[in-house]
Amino acid sequence: MGYEDDKPSFTSLVDDPPTLTLFWWICGGVIALINFILCAQLIDLHSQAPPSKRRKYSLRIVMAIPVFSCYAYLTLYFVKGADIMAIIQKWYQGVLMFCFYGWIMTWFTKPYTPITEQSPSDYFVSLPFCCCGWFFCARTGISVNKLRLVKYGMIQLGISQMLLTIFGVILDINGKYESGAYVLVKILSLISMMIAVYSLNTLVKMTQNLLPSLNIYDKSRGILFLIAIVNIQEALFTILGQTGAYTDTDGYNSETKAQMWSSFILIIDCLIYALIIRKAWKLEDSSHEVQHGYNIMA
């Protein structure tokens with residue numbers, strides 16, 4: 001049997017869609033449409049700001065809504081191409097992290113003196129048991145190098161997730177994915193996600209006291225929610241599918257059914273993300289270029 005031959009093709013689904021598939025298509029399509037409407041409203045809002053790096057980063061954060069929604073909805077139709085399309089979704093996780101870092105940094109000018117002059121106790125983030133942020137264990141002062149490590153810790157998410165997805169596809173093609181390799185791939189994926197989440201939390205801690213009017217903490221919650229839920233949910237459904245938690249019905253085996261449930265729920269996750277972004281991000285967050293050490297006009 002060739003790669004993904006056990007999954008239904010687009011033609012077979014369209015010719016005779018199972019009841020469960022119709023449910024995913026109709027309900028998922030309605031929710032995806034709502035996501036696009038919310039996204040259009042947010043794009044229109046932020047487009048009113050003068051052209052700037054800050055507006056560019058804000059728009060890219062908003063664009064995560066259609067990117068993730070399109071990926072999730074298309075995989076309900078093109079089941080066989082889900083792993084390939086996932087590469088784009090993984091890449092945009094890194095884009096999302098980089099844009100949030102870039103957006104925050106636009107409020108400061110190099111060499112980021114207001115940040116580096118803070119006391120360590122003002123930004124220190126206690127280490128969760130499962131995290132490996134070793135470079136923040138000691139309560140030392142903030143430096144430019146430490147800011148750079150935070151940036152790398154955030155953007156590594158997209159690179160590592162893409163490489164792990166490609167690695168998983170190669171294993172699947174060679175028939176080794178189901179032999180337990182998927183567990184290692186998902187563990188590495190979750191470790192990458194935890195490092196990115198920890199780095200983002202550290203960035204928020206470093207800057208939220210300097211920019212209190214921007215509600216940076218509230219803005220970061222939406223990004224943290226989407227990044228965490230996508231990776232945890234994907235790992236959970238992969239394990240459920242590979243262990244045969246779902247019965248083989250309507251032409252779907254356990255793995256395929258878990259994959260499609262994961263895609264459908266991701267559309268709902270995008271709706272939640274859109275609502276969080278809509279509440280937390282305002283027009284002023286894309287305006288006011290930095291003129292001094294930092295700017296809190298928003």
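This one's a predicted model, so the numbers in the text were calculated from it and none came from an experiment.
Counting heavy-atom neighbours within 6.0 Å of Leu33 CG, excluding the residue itself, gives a total above 12.
To the nearest 0.5 Å, atom CE of residue Met206 and atom CD1 of residue Ile216 are 12.5 Å apart. Atom-to-atom distance recorded for Arg60:CZ and Trp103:CH2 is 16.0 Å, nearest 0.5 angstrom.
Just one of Asn201, Ile195, Thr202 meets the side-chain contact (heavy atoms from CB on, under 4.5 Å) condition when paired with Tyr198; it is Thr202. With respect to Leu157, the side-chain contact (heavy atoms from CB on, under 4.5 Å) criterion is satisfied by exactly one of Lys90, Gln93, Met194: Gln93.
A donor-acceptor pair under 3.5 Å links the side-chain atoms of Trp25 to the main chain of Leu76, judged by distance alone. At least one donor-acceptor pair under 3.5 Å links the side chain of Gln161 to the backbone N or O of Ser189. In this structure, the side chain of Gln156 engages the main chain of Gly153 through a donor-acceptor pair within 3.5 Å. In terms of modelled atom types and a separation under 3.5 Å, the side chain of Asn209 and the main chain of Lys205 share no donor-acceptor contact. The closest donor-acceptor contact from the side chain of Ser262 to the backbone of Ala258 lies at 3.5 Å or more, if one exists at all.
Tyr101 pairs by the ring pair (Phe, Tyr, Trp, His ring centres under 6.0 Å) definition with nothing, not counting sequence neighbours.
Every pair tested for salt bridge (charged side-chain N to carboxylate O under 4.0 Å, His left out) that includes a residue from residues 69-78 fails, sequence neighbours excluded, so the list is empty.
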Requested in this report: Could you give me the CA-CA distance, side-chain angles and deciding distance for Phe68 and Asn35, then say whether side-chain contact (heavy atoms from CB on, under 4.5 Å) is met?
Outcome: CA-CA 10 Å; Phe68 282 76; Asn35 291 344; over 6 Å; no

Cut-off 3.5 Å, no hydrogens considered: what does the side-chain donor-acceptor table look like for residues 265-279, sequence neighbours left out?
| from | atom 1 | to | atom 2 | distance (Å) |
| --- | --- | --- | --- | --- |
| Asp269 | OD2 | Gln233 | NE2 | 3.4 |
| Tyr273 | OH | Ile61 | O | 2.8 |
| Arg278 | NH2 | Gln41 | OE1 | 3.4 |

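In this structure, Arg148 is not positioned above the aromatic face of Tyr152 in the sense of NZ or CZ being under 6.0 Å from the six-membered ring centre and within 45° of the axis.
Using a 30° and 60° split on the angle between ring planes, His46 and Trp281 fall in the perpendicular class, above 60°.
By the 4.5 Å heavy-atom criterion applied to side chains, Val204 and Phe100 are counted as neighbours. Here the side chains of Thr238 and Val185 are not in contact, with every heavy-atom distance at 4.5 Å or above.
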